[in-house]
Structure formats: C-alpha cells, structure tokens
Amino acid sequence: MVHNFSAGPCILPEEVLQKASESVKDFNGIGLSLIEISHRSKPFIAVMDNARSLVKELLNVPDTHEVLFLQGGASLGFYTAAFNFLKENGKGAYHDSGTWSSKAIKEAKLLGHVDVVASGKENGYSELMLDYSIPSDADFFHFTSNNTIYGAQWQTIPTSECPLICDMSSDIFSREINVSDFALIYAGAQKNMGPAGTVLYIVEKELLGKTGRNIPSYLDLSVHIEKDSMFNTPPVFAIYTSMLMLEWLKNLGGVKAIELINNQKAELLYNEIDENPLFKGYAHVNSRSKMNVTFTLTDASFQAKFDEMWSEANINGIKGHRSVGGYRASIYNALPLSSVQALVNVMKELAIVTA
Ligand SMILES: *Cc1c(COP(=O)(O)O)cnc(C)c1O
C-alpha cells in the first residue's frame, strides 16, 4: 500500500476509486458509461441533485445559499468572486496569506480597487497576519482559509461587517463551519473533495446582482443558479466522483467525525516534528494547518537518507512545494491515521540511524 500525501490532486478512498472506475465501464447497470450519456439524462440529473444535496446536508447549508458545481478551477473562482461581488467603482478587501490569495488579488485588480489589509509576505507566509482592519466601505472581505503551500491555516473563521468570501479549496469538509457566515465559498475539488475538474461554489443568493456590472454568462453565478448548475455541459466524472467522496464522508459520520480524525492526524505529526531534533516546522505554531504540514530537516546533510527511507516505506508526495522547499505532508480527509503513523515511524527511525 502506498501512503499518498499528495497536495493535489489528492488521495481518494479506495471504495470511491472502485465505484468511480466501474461507472466508466457501466454506470449503475444501465449498460452505458457515465461519461457517454447526456448530462440532461435522468441518471446524471440524479447525480447532480445528489451531489448538491450532500453538500447541503454535510455543511448544513441554509436555504439562503445555493450550491453549484462549476468548472475553471479555483483559479477562475478568483475572477468569478470579484465579478459577482466587486461593485463598479467599489473596493474589495483582501487578506494575503501567500500564493493563492496573491493570485486572487491579481485577478480582482483587473476589475477594480483592491485593499490588501494584511500580508505575510515579509515572513515567507509562515504566519497568518491577524492584525488588520477592514475598510468600512469595502464591498467584501476575501481570505484563503488554508494556505496549501506554506501550511498556514486560519484557526478560526474571521468575522466581518461586509460580506465574507473564502477560497476554501484545501480545507473544505475538513472541519465544521457556519455557512451562513459566508457570502461566498469556493473550492476546487481536487484538494479535499474529489478529482480535478470541478469547483464547488456556495453562494448567498440575495447578495448577487448588486455590482452594476455586465457579467459574462459563465462567470455570472445567478445564471448558474437559474440553470441548476447545468448552464453548459458539466464535468460529469468529476462531479460523480465528488458525490461518491461526499457519500463516503457521510457514512463515516460527516464533518464532525472527520474533524476529530483530522485533529488526531495533525497532532501525531506535529508532536513528532516538535519532539524530534532532526525536524522543525515551517509554519508558525499559531498558524499550523491541519491539512498541509510543512517542515524541514534541521541538518540538510540527512536529506538523502531521509528521502531514501520514506520512499522505501512507500510514502509518496511529501516533497515541499518548489517555492518553499523542505517537506509537505498533506493529510487530507481520505488519508488514514495509519499513513501518518508510517511517516512518523520513518522520522523516528531517522533519528535512530543517524544518532
Ligand atoms: C490548489 C489551490 C488553488 C488552485 O486551484 P485550481 O483548481 O488549480 O485552480 C486555489 N486555492 C487554493 C487554496 C488551492 O489550494
């Protein structure tokens, strides 16, 4: 068995992969593949309906909000968010926690005024800057709940007088949230929800249509709401596999249950990083992510040995992002505690063989 710590696309549960692959051959015994039937056929409409209602159920989405499965990745989400919430001559307040929020800021600047209220750039984004104030005339406040690359995560969801917008790509469904706090949540599927190819949007309906802008159809969330996520051909396989993943999560006891497991996994790994003199954490202790654990060796001369050892232990995907270096263990929902234990064992073993 391979212990898959990949940062994205992410690990999926074996049973999800099994069902997803069967659907490509023969979808639910209809004699046709999921990927060769009309997205407007009854069997696929049932998939879309089920996927959307699982999101509503798992996250307790109130009736004020709508759930959509769209395309373009979270990267198009940066622009879509701004198009739907940044008023003509208005202003967006952004929190910069690294690569992904920086990209969101860049896209919003194409449309209008952006106020970056805090940035962790000076300290290599190892810490979330929590000393900021949101201008009273901001149309919205945008933040990235978990920085996948630097391993820094908001420990609690910020509050804001103006509508709150969150790129939740790498920690959605990992912990309980209160959806009614948000005007918009968007999340690329491939970090913690499914395969690449679809993006989840959860949006407060009443807040749409107030920017005074002409919005291109695909970027207009109202259009997608009106068409029940079927404005154009949806990415059927990505949505189906995400649906399977959400069913898996529901069977496991939902978000509350997975949050407890996620806490255990993170605690196990951070304890080892803190106790083992050969390792040190990258992210500031107060900002530590429970999804992406970033760390480095205290003595780089042990790198070859460590790399050989984890690779021999069937551990995959822990090389750090090219912009940070070191290591990054992504411990998303589908990664079992036993895989974290396997990594911790190798870290302990390294201390023994190099002593
Ligand atoms: C990966 C990631 C993105 C980019 O997602 P794409 O689907 O590749 O566009 C954006 N935000 C966060 C937090 C991510 O982890």
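Note that ligands are numbered from 1 as they come in the structure, with each ligand's atoms numbered from 1 the same way.
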Atom-level proximity to ligand 1, residues with heavy atom under 4.0 Å: Gly73, Ala74, Ser75, Phe78, Trp100, Thr144, Asn146, Thr148, Asp167, Ser169, Ser170, Gln190, Lys191
Look up atom OG1 in Thr211 and atom CG in Asn89, then write down how far apart they are to the nearest 0.5 Å. 11.0 Å
Which donor-acceptor pairs under 3.5 Å do side chains of residues 231-243 form with protein atoms, sequence neighbours excluded?
{"residue": "Thr241", "atom": "OG1", "partner": "Phe237", "partner atom": "O", "Å": "2.9"}
{"residue": "Ser242", "atom": "OG", "partner": "Ala238", "partner atom": "O", "Å": "2.8"}

Can you sort out the partners of Gln303 under side-chain hydrogen bond (donor to acceptor under 3.5 Å, both in side chains), two or more places apart, ordered by chain and number? Asp307
Is the positively charged end of Lys191 above the ring of Trp100, judged by distance under 6.0 angstrom from the centroid and angle within 45° of the axis? yes
Under 4.0 Å between a side-chain nitrogen and a carboxylate oxygen: does that hold for Asp171 and Lys290? no
Counterpart residues, salt bridge (Lys or Arg N to Asp or Glu O under 4.0 Å), relative to Asp274 (two or more places apart): Arg288
